[in-house]
A.B. asks: 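Submitted below is the structure of interest, expressed as structure tokens.
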Amino acid sequence: MNYLQALTEFARAINEPNTANTAISPATQANMTVYRNNIRLNRANALKLAYPTVLALLGEEFFMAMADVYTQSTASTSANLHQEGHLLAEFIAQFAPTQAYPYLSDVAQLDWAMHQAHYADDHVGLSAAILAEQAQSLAQLKLLLHPALQIIESKWPIASLFAMHHGGAKPQDLYRGECVLVWRDQYQIIDAAPAAFFLALMQQLTLEEALLAGAAVDAGFDPASSLSLLLEQQLIIALA
Amino acid sequence: MNNKSILLASAMVAVLAAAAQPALAADAAKEKCFGVAKAGANDCAANGHACAGQAGASMDPKEWKYVAKGTCTEMKGMLKAM
Amino acid sequence: MLTSLPLCAGLGLRSPHIQAVIQDQPPVAWWEVHSENYFGGGAPIAALEKIRANYPISLHGVAMGLGSSTLDSLHLKQLKTLVDRIEPAAVSEHLAWNRLNQHAYADLLPVPRLEGVIEQLSERINLVQDFLQRPILIENVSSYIQFADEIYLESEVLAQLVAQTGCGLILDVNNLIVSQINLGIDPYLELAHLPLKSVGEIHIAGFELFDGVAIDTHGAAPTPAVWQLLDVVIQQTGPIPVLLERDNHIPALNELMLDYQHLNAHCAAIWQGAKP
């Protein structure tokens, strides 16, 4: 057996605990459990750190049992544990024991967006002065936004549920949807028109096209506060 | 002015107003972030150990664990029957 | 030069203590962090940059998986960005693998010491060192299994890698004791094969026993066997960076500082007594 064959056999010994394996010395085969458990527990622990709101909603025992099923059924694609769990919201949406909590999958999406935003690459935001210099051609500019910026739209009050676990009160009405703008370590509930505006910018449409996308949702759309937010929070990183 | 011109004018006013303001102190914004630095998940992967002390035990998930004891119990009465 | 770390004890820096280290600047000669926790931007690396302003930093990777079927190019780029920003005194990784065919395993898996292991690893280490434009240190890992019919000791593989790539080593004496308990390896035989001149850093930590298996949790104080092996090693090396790691049951910083001061005094006493 050569090196790469042995790696393949080791991976098989992790994934298929009940099949015979010739690569591992018989005297130490029982200890493969240690690796299986290390991997599962390392991943489950990473999920706890990435999904604090889901963890608080379900409680430790439920969350860990669910994490176990998730890690068994979903392969990791990165060994960096900060990237662990990118499919948990989808998993929760179809996992039988979480069907009693229909808002949970969307809350997981928000947790993941906040997690991603926390670790997103650093970029220096453009100063408003640079944008002001281009005032004449503003309409045709494309604004490149910070990679931490994301939008999560839900028919559930996901930001309120998130806030409830960060010192806020519980939502008054579970059936009032919320659209959430997420950036580095911050979020804001936004209306549908600004959401359409931001989404259009993210899709690299021109500023004019993005303004019209906002106005198409709400004829009274005023872009001033949305643009001020982008500039104040240094979320515009380049112009094209 | 048509709607497009109004939108563009409003955008321009916002940009010019922001440009007229003193730049946000980047350091102040950074300081705020320190309070929210998360625990690094990769400490777990160091030197082949797991963060929980059950590394050698076999684990089987049991159905009874799927009883939520977290804060979702507070929302129970608010969910309409489906 | 393999590292520019101070030739004395250092401490593993973990998230519960980061705030206190920034604010109180405790008297620690150098800190070691896990590189991957500082990949990307935002608060983590901003905090590390603040700490770097006051201390030498050792960047210790846990997830590159040097022995994997392929290297992860994103991982390498993120590490390079981190190295460029932090200007660390040392960069290190493990003699381990963690990915095969797009499937990652979040642990330090031992490399099979079979035909091809030296070629596989030395090619990767050369690539990483070229990319980072600096030498890296490779650490021996604690193992729970052995592959059948292995043809090298772990120390023989490490010695070959040093010879072929110019990399340095981290010698984790705790890992040798863990592998001794679990697999019956002889730590002193391993030591005999290691090129001690290329050891740029020593690690010590504590393991915990679960059902007779020594699990390298870094969750306890080092055992007497670990201290004994440490003494043998540092008598031979002379003054060298020695890291105390603690990852589980992490005590308060002032308590950890006592362990650190004890280690520092212990090493200094040995180096004073040892003949040059």
Side-chain angles (χ1 to χ4, degrees), chain A residues 1-15 21-46 49 71 74-84 115-124 146-148 183-185, chain C residues 15 34-46 62-65 67-69 72 74-75 78 81 85 96-121 143-150 182-184 210-211 213-216:
Chain A
M1 191 171 293
N2 68 23
Y3 182 85
L4 280 172
Q5 288 166 336
L7 292 193
T8 308
E9 282 297 291
F10 191 105
R12 206 167 59 80
I14 291 174
N15 297 326
N21 191 290
T22 54
I24 315 294
S25 89
T28 62
Q29 286 221 357
N31 281 348
M32 281 303 295
T33 314
V34 176
Y35 290 111
R36 280 183 214 112
N37 287 352
N38 269 348
I39 292 165
R40 285 159 68 179
L41 289 165
N42 284 344
R43 293 182 66 190
N45 186 67
L49 293 173
T71 55
T74 315
S76 282
T77 50
S78 167
N80 178 352
L81 284 163
H82 289 167
Q83 289 171 33
E84 176 64 47
H115 180 71
Q116 297 279 92
H118 186 72
Y119 292 106
D121 286 344
D122 282 336
H123 290 273
V124 179
H146 195 287
W183 66 101
R184 176 97 74 209
D185 302 325
Chain C
S15 41
H34 293 138
S35 312
E36 290 79 4
N37 285 342
Y38 301 90
F39 281 7
I45 188 163
V62 293
M64 188 186 284
S68 301
S69 53
D72 179 341
L74 173 66
H75 190 106
Q78 288 178 309
T81 305
R85 278 179 73 168
W97 69 283
N98 60 17
R99 272 170 301 102
L100 182 72
N101 307 329
Q102 319 306 319
H103 191 146
Y105 303 92
D107 201 359
L108 299 168
L109 307 179
V111 299
R113 299 190 297 270
L114 299 169
E115 192 195 322
V117 61
I118 311 282
E119 294 78 0
Q120 175 90 3
L121 266 299
S143 291
Y144 306 101
I145 61 102
Q146 269 169 331
F147 288 88
D149 308 317
E150 286 190 304
N182 293 334
L183 307 172
F210 295 96
D211 303 328
V213 183
I215 307 287
D216 185 21

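When reading the values below, keep in mind they use all heavy atoms of this one structure, side chains included, and skip hydrogens, waters and symmetry mates. Predicted model only: the values in this text are computed from it and were never measured. Naming convention: chains lettered A, B, ... in sequence-line order (proteins, then strands); numbering from 1 in each chain.
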A.B. asks: One pair to check against side-chain contact (heavy atoms from CB on, under 4.5 Å): Phe10(A) and Leu100(C). What are the steps and the verdict?
C.D. replies: CA-CA 10 Å; Phe10(A) 191 105; Leu100(C) 182 72; over 6 Å; no
A.B. asks: Between Thr8(A) and chain C, which part of the residue has a heavy atom less than 4.5 Å away: side chain, backbone, both or neither?
C.D. replies: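 Both parts, backbone and side chain.
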A.B. asks: Counting only heavy atoms closer than 4.5 Å, note whether Ala6(A) contacts chain C via side chain, backbone, both or neither.
C.D. replies: both
A.B. asks: With respect to chain C, which residue among Asn31(A), Asn21(A), Leu4(A) yields the maximal number of heavy-atom pairs within a distance under 4.5 Å?
C.D. replies: Asn31(A)
A.B. asks: Pick one of side chain, backbone, both or neither for Gln146(C), based on which atoms fall under 4.5 Å of a heavy atom in chain A.
C.D. replies: both
A.B. asks: Tell me if the CD atom of Glu115(C) is crowded by more than 12 foreign heavy atoms within 6.0 Å.
C.D. replies: no
A.B. asks: Is it the case that atom CG in Asn2(A) sees more than 12 heavy atoms from other parts of the structure closer than 6.0 Å?
C.D. replies: yes
A.B. asks: Going through the distances and angles, do Asn37(C) and His82(A) end up as a side-chain contact (heavy atoms from CB on, under 4.5 Å)?
C.D. replies: CA-CA 8 Å; Asn37(C) 285 342; His82(A) 289 167; 3.4 Å; yes
A.B. asks: Are any side-chain N or O atoms of Asp122(A) and backbone N or O atoms of Gly41(C), one a donor and one an acceptor, separated by less than 3.5 Å?
C.D. replies: no
A.B. asks: Please step through side-chain contact (heavy atoms from CB on, under 4.5 Å) for the pair Met32(A) and Ile145(C), ending with a clear verdict.
C.D. replies: CA-CA 7 Å; Met32(A) 281 303 295; Ile145(C) 61 102; 3.9 Å; yes
A.B. asks: Taking side chain as everything from C-beta outward and backbone as N, CA, C, O, which of these in Thr81(C) sits under 4.5 Å from a heavy atom of chain A? Side chain, backbone, both or neither.
C.D. replies: neither
A.B. asks: Rounded to the nearest 0.5 Å, what's the gap from OG1 on Thr28(A) to CG on Asn182(C)? Could you check?
C.D. replies: 9.5 Å
A.B. asks: Identify which of Arg99(C), Glu36(C), His103(C) forms the greatest number of heavy-atom pairs closer than 4.5 Å to chain A.
C.D. replies: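 Looking at each of Arg99(C), Glu36(C), His103(C) in turn, His103(C) comes out on top.
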A.B. asks: Heavy-atom distance under 4.5 Å between the side chains of Leu109(C) and Ile14(A), does that happen here?
C.D. replies: yes
A.B. asks: Taking side-chain hydrogen bond (donor to acceptor under 3.5 Å, both in side chains) as the definition, give me every residue that meets it alongside Tyr105(C), ordered by chain and number, with sequence neighbours left out.
C.D. replies: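 Applying side-chain hydrogen bond (donor to acceptor under 3.5 Å, both in side chains) to Tyr105(C) gives Asn15(A).
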A.B. asks: Would you say the side chain of Tyr144(C) lies within less than 4.5 Å of the side chain of Thr33(A), judging by non-hydrogen atoms?
C.D. replies: no
A.B. asks: Please confirm whether the backbone N or O of Ala106(C) pairs with a side-chain atom of Asn42(A), one donor and one acceptor, at under 3.5 Å?
C.D. replies: yes
A.B. asks: Side chain, backbone, both or neither: which part of Gln83(A) has a heavy atom under 4.5 Å from chain C?
C.D. replies: side chain
A.B. asks: Out of curiosity, Asn98(C) CG to Ser76(A) OG, how far, rounded to the nearest 0.5 Å?
C.D. replies: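 If we round to the nearest 0.5 Å, Asn98(C):CG and Ser76(A):OG are 10.0 Å apart.
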A.B. asks: I'd like to check the ring-ring contact (aromatic ring centres under 6.0 Å, His included) partners of His115(A); sequence neighbours left out, ordered by chain and number.
C.D. replies: Trp112(A), Tyr119(A)
A.B. asks: List the steps and the verdict of side-chain contact (heavy atoms from CB on, under 4.5 Å) for Ser143(C) and Tyr35(A).
C.D. replies: CA-CA 10 Å; Ser143(C) 291; Tyr35(A) 290 111; 4.3 Å; yes
A.B. asks: Pick from Pro26(A), Ala75(A), Pro147(A): which one has the most heavy-atom pairs with chain C under 4.5 Å?
C.D. replies: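 Of Pro26(A), Ala75(A), Pro147(A), Ala75(A) has the most heavy-atom pairs under 4.5 Å with chain C.
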A.B. asks: Can you confirm whether Pro44(C) sits close enough to His118(A) that some side-chain heavy atom of one is under 4.5 Å from a side-chain heavy atom of the other?
C.D. replies: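 In contact.
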A.B. asks: Heavy atoms only: give me the nearest Ala79(A)-Ala104(C) pair and the separation to one decimal.
C.D. replies: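 Result for this residue pair: N-CB, 3.7 Å.
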A.B. asks: Give, as side chain, backbone, both or neither, the part of Glu150(C) having an atom under 4.5 angstrom from any heavy atom of chain A.
C.D. replies: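 Glu150(C) has no heavy atom closer than 4.5 Å to chain A.
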A.B. asks: Side chain, backbone, both or neither: which part of Leu183(C) has an atom under 4.5 Å from a heavy atom of chain A?
C.D. replies: side chain
A.B. asks: Drop me the distance from His75(C)'s NE2 to Asn80(A)'s CG, to the nearest 0.5 angstrom.
C.D. replies: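 Reported to 0.5 Å precision, the distance equals 7.0 Å.
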A.B. asks: Is Asn101(C) close to chain A through its backbone or its side chain, or both, or neither, when contacts mean heavy atoms under 4.5 Å?
C.D. replies: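 Contact with chain A involves no heavy atom of Asn101(C) at all.
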A.B. asks: Is it the backbone or the side chain of Ile118(C) that comes under 4.5 Å from a heavy atom of chain A, or both, or neither?
C.D. replies: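 Neither part.
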A.B. asks: Kindly check if the number of other-residue, nucleotide or ligand heavy atoms within 6.0 Å of CD (Gln102(C)) is above 12?
C.D. replies: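 Open: at most 12 neighbouring heavy atoms sit under 6.0 Å from CD of Gln102(C).
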A.B. asks: Looking at Asp121(A), Leu7(A), Ile39(A), which one has more heavy-atom pairs under 4.5 Å with chain C than the rest?
C.D. replies: Leu7(A)
